[in-house]
Amino acid sequence: MYFKLFTNCKIVKGNVKSIIIDTQRNFYHDIPNSLYTIIKDLECKSINEVKNEIEDASISIFDSYLEFLVENDFGFITDKANQFLYVEQNKINKPSNNFIIEFSSKISKNIIYQLKDLNIDALHINFYEEIDINELNDILNQIINITSISFVSILSLYNKELNENTWLNLGVNYPILGQIFISSSPIEKTINSESLILIYSKENISFKNCGIVTPKYFSFNTYMYNESFCFNSCLGGKISIDINGNIKNCPSMPQSFGNIKDTSLEEALNHKEFKKYWNLTKDSVEVCKDCEFRYICTDCRAYTEQTHTNDQGLDISKPLKCGYNPYTGEWQEWSTNPLKQKAMKYYRFDK
Ligand code: SF4
Ligand code: SF4
């Protein structure tokens, strides 16, 4: 008899423990590293072959592991091993293209025309000033008419003139609009309507608050998982325009590749350094390379612990805003960690 892990379930080994990720049911479960090793052995050996290789005292643990995997629908037992061939990790050739724009009076909405030829899949728009609903309608119409973008999310400053129904109607009128986040709101509220997710938050959001790593933000879908294997889980395929019109990897990254006043997005994309972080996976980032969460947590290259660079000069330090220690398996508040204070001072997070 053989044990086969369902193809939607992935196992990732960390320093002190492993996880099993169910990319269909969208959750992960901690497992001991000894179970990780057994699952790997079972990929090519029968249950009896693996049992014969372990000590008698460990047989009952082996049986309980197998029971756990089957009872929790992570896999199944079969006598037809040949019908279920081992599936290699999917390799993807290109990250999905996503675009961030911090709209301000300095940025003309004609920039949308440039998105036409860039094959952008997802667009995130930040409005830090009070939004004019007619202008927003214009922008959304342009996106639909000119580009092939399939998902739009918006972050907007709270405006008491725009009520809940106005926002929800936008979702009905523009099906590509998937999420609206209202910052500096007097209330905290999340509405999951049929057309979009509307989140009211008291927080004053800016890109300085971006890059927080917490299990709340882990992503379990198969595409994200496969993409994290091959590309940077934040900057892969990302292009941004910051509030001053600078073209960057993300609005918080220090390097600018020109300003939209005199540089086209295509010219910036063709700059030899623009894609330098796109292929940097967590397997090459210090600390993260030993962490079991490395294919489900989003990376951050804008705010790092600033401890390591590789031989191409790329920052390969752990994201600053992560409080997880894969060498102890414990989460702690990142901002009070004494080892992070120097980097926090550099980014002026101590102010
Ligand atoms: S690099 Fe960091 S700050 Fe920039 S978008 Fe990614 S997570 Fe946010
Ligand atoms: S240590 Fe790295 S991989 Fe692990 S949770 Fe933190 S940022 Fe993610």
Side-chain angles (χ1 to χ4, degrees), residues 10 12-19 21 28 30 95-102 122-126 153 155 181 205-220 224-225 227-229 231-243 246-257 274-308 314-335 337 339-340 343-344 346-349:
K10 315 284 181 192
V12 187
K13 191 175 181 202
N15 191 266
V16 292
K17 65 179 174 71
S18 299
I19 53 169
I21 305 159
Y28 74 89
D30 287 345
S96 54
N97 290 334
N98 59 97
F99 191 85
I100 298 176
I101 182 160
E102 298 189 302
L123 169 67
H124 177 78
I125 312 175
N126 276 7
S153 59
L155 183 147
F181 192 102
I205 305 287
S206 81
F207 261 91
K208 250 192 144 173
N209 300 334
C210 193
I212 291 175
V213 178
T214 143
K216 213 167 72 177
Y217 300 147
F218 284 171
S219 173
F220 306 104
M224 279 294 289
Y225 180 87
E227 199 169 62
S228 301
F229 251 88
F231 298 100
N232 187 270
S233 53
C234 179
L235 296 184
K238 185 170 268 128
I239 314 164
S240 305
I241 298 176
D242 78 4
I243 198 154
N246 296 313
I247 307 168
K248 296 179 167 185
N249 291 136
C250 105
S252 292
M253 290 292 280
Q255 188 172 8
S256 166
F257 297 91
F274 193 89
K275 298 178 183 174
K276 65 184 177 184
Y277 279 109
W278 283 24
N279 295 328
L280 186 84
T281 67
K282 282 275 174 71
D283 290 315
S284 309
V285 171
E286 288 303 316
V287 184
C288 298
K289 65 187 181 192
D290 296 320
C291 178
E292 60 277 21
F293 301 125
R294 62 191 177 275
Y295 305 126
I296 55 173
C297 94
T298 307
D299 190 33
C300 180
R301 291 299 93 206
Y303 306 117
T304 74
E305 292 187 351
Q306 299 201 320
T307 50
H308 294 80
L314 297 186
D315 182 352
I316 51 164
S317 321
K318 180 187 172 188
L320 179 67
K321 300 180 189 178
C322 171
Y324 186 63
N325 181 344
Y327 305 109
T328 60
E330 286 170 2
W331 286 92
Q332 280 178 343
E333 171 53 43
W334 66 271
S335 59
N337 183 333
L339 299 174
K340 292 182 185 263
M344 284 180 67
Y346 173 84
Y347 294 118
R348 299 175 177 238
F349 286 134

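Position 1 is the first residue of the sequence, and the numbers go up from there. Each ligand, and each atom within it, is numbered from 1 in the order the structure gives. Only heavy atoms go into these numbers, but all of them, side chains included; no hydrogens, no water, no symmetry mates.
With a 4.5 Å cut-off on side-chain heavy atoms, Asn249 and Lys238 do not count as touching. Between Phe349 and Lys340, the closest side-chain pair of non-hydrogen atoms is not below 4.5 Å.
Ring geometry, Phe293 versus Tyr28: the interplanar angle exceeds 60°, so the pair is classed perpendicular (tilted spans 30 to 60°). By the 30° and 60° cut-offs, the orientation of the rings of Tyr303 relative to Tyr347 is perpendicular.
Around atom 6 (Fe) of ligand 1, protein N, O or S atoms at less than 2.8 Å number 1.
Taking each heavy atom of Val213 and Trp331 in turn, the nearest pair found is O-CZ3, 3.7 Å. Summarising the geometry of Phe99 relative to Ile241, their closest heavy-atom pair is CZ-CD1, 3.6 Å, with the distance given to 0.1 Å. For the residue pair Ser317 and His308, the shortest heavy atom distance occurs at OG-N, 3.0 Å.
Counting only distances under 2.8 Å, and ignoring water, the protein N, O or S atoms around atom 4 (Fe) of ligand 2 are Cys291 SG.
In this structure, Leu280 CG and Phe231 CZ are separated by 12.5 Å, a value rounded to the nearest 0.5 Å.
Annotation for Gln332: atom CD does not count as buried by contact number, only 12 or fewer foreign heavy atoms lying within 6.0 Å.
Of all the atoms in ligand 2, the ones that sit under 4.0 Å from a non-hydrogen atom of Pro319 are 7 (S).
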request  = Before giving the answer on side chain to side chain donor-acceptor pair (under 3.5 Å), spell out for Ser335 and Glu333 the whole-Å C-alpha distance, their side-chain angles and the decisive distance to 0.1 Å.
outcome  = CA-CA 6 Å; Ser335 59; Glu333 171 53 43; 2.5 Å; yes
